[in-house]
Amino acid sequence: MNHSTNGHRNNRHNHTAHKNGANAENDGTAALSEPLRFVPIDGADAHSAAETGIVVSGSDLLALEDRKTVDEFGPSFFEAYESTEVVTGEPEQYAKIEEAVHALLDAFNVNWQDPNYTDTPKRVAKAYMDYWANGYARDAEDEVTVFPNSSGNGDLVVVKDMKFYSMCSHHLAPFTGYGAIAYLPNEHLLGLSKLGRILDIYARRFQLQERIGAQTADKIMELLRPQGVMVLLYDVEHMCMSSRGVKLHEASTTTLATRGIFKEDAQLRAEVMSMIR
Ligand code: ZN
């Protein structure tokens, strides 16, 4: 993957308009006159998503603003039901899942003499607990370190092409795609690979694509208190869609979550979009 971004360095628009109340204590003018800093990282090191425009198929991302956003579903969209999922790591939970997978395969009347099935329940239990749903057992606070923004500048940070893996809560089918996260710092910075780590924590659950993005954006806001954050999940393929439809199989889904300054500033959003695509 070519992540070279030097071409973007001279593309900076005048961001004076972005200086607002949130940045009133800083010298926002100096900070915002700095060139954009776009820091690519190896996608393998990260996985990822937030507030949301929902777009199906290879659409023009800049048109996202015309699309439906999660806000239109109302603030309680993701909060209507308390999340009670848990991954304890205890042997009892592995055993319970193993038992359930055994029952599932029994429903298909599999031949348990076939060695290909012998350890399947155990393997599936391990996969759920250790990989597919391990996000429930992890706290972003334990995995990331927040640094003081000693340079004091307010350069935009964008990381893209972070591959993520998740599983839809509707079908327990995998969905995978890429995440890009942009934030405009205030007084704190995050290690770049840690953006992908937060995305990974929220992806490795029974999920909705939109919710991964929203939770990732909210967590970054909570940890860093930046001027704003934007989480784009793109080229996302949902197996539950792609495996059945004739036309749908080529659809990919894009969601966008914005917080803070990115919610208000269409020009800033558009600029980030142009860097990502
Ligand atoms: Zn599904």
Side-chain angles (χ1 to χ4, degrees), residues 43 46-59 61 64 67-87 93 96-98 100-105 107-108 110 120-121 123-138 161-181 196 198-219 231-257:
H47 315 267
S48 128
E51 175 187 341
T52 308
I54 302 167
V55 179
V56 172
S57 109
S59 46
L61 289 172
L64 273 174
R67 312 301 177 112
K68 199 177 184 92
T69 70
V70 161
D71 277 353
E72 294 174 56
F73 293 103
S76 63
F77 182 64
F78 295 127
E79 294 158 9
Y81 301 97
E82 185 192 357
S83 289
T84 55
E85 300 90 342
V86 65
V87 166
Q93 192 175 12
K96 202 171 170 183
I97 297 168
E98 197 176 324
V101 175
H102 195 281
L104 174 70
L105 291 173
F108 287 99
V110 305
T120 299
R123 273 192 297 265
V124 174
K126 189 170 164 46
Y128 272 98
M129 290 284 282
D130 296 355
Y131 307 110
W132 299 336
N134 81 2
Y136 292 120
R138 298 159 62 194
D161 293 342
M162 296 181 283
K163 181 94 193 221
F164 74 89
Y165 302 88
S166 192
M167 204 170 10
C168 80
S169 53
H170 298 143
H171 302 87
L172 304 188
F175 64 96
T176 68
Y178 295 90
I181 300 177
I198 297 172
L199 175 60
D200 188 59
I201 286 173
Y202 289 108
R204 291 182 180 274
R205 301 174 183 217
F206 305 117
Q207 270 291 20
L208 307 175
Q209 181 178 336
E210 303 90 319
R211 189 170 54 191
I212 296 173
Q215 289 175 329
T216 301
D218 286 340
K219 181 54 74 176
V231 180
L232 183 77
L233 299 186
Y234 55 97
D235 294 348
V236 181
E237 182 185 355
H238 292 253
M239 285 298 286
C240 56
M241 280 170 65
S242 59
S243 62
R244 62 182 173 179
V246 177
K247 290 185 173 170
L248 278 179
H249 74 284
E250 284 180 356
S252 75
T253 310
T254 298
T255 55
L256 175 67

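Order of appearance sets the numbers: ligands from 1, and atoms from 1 within every ligand. Keep in mind the model is a prediction, meaning the values are calculated, not measured.
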- E237 versus S252, side-chain donor and acceptor atoms under 3.5 Å: no

- Which value, rounded to the nearest 0.5 Å, describes the distance between L172 atom CG and W132 atom CH2? 10.0 Å

- Exercise: do Q209 and T255 side chains pair donor with acceptor under 3.5 Å: yes

- What are the protein N, O or S atoms, given as residue plus atom name, that sit under 2.8 Å from the Zn ion (ligand 1)? C168 SG, H171 ND1, C240 SG

- Task: Name all residues meeting the ring pair (Phe, Tyr, Trp, His ring centres under 6.0 Å) criterion together with Y202; count only those two or more places apart in sequence or in a different chain, and write none if there are none.
- Result: none

- Gap separating the NE2 atom of H238 from the NE2 atom of H171, nearest 0.5 angstrom: 11.0 Å

- Message: Over 60° means perpendicular and under 30° means parallel, so tell me whether Y136 and F206 are parallel, tilted or perpendicular.
- Response: tilted

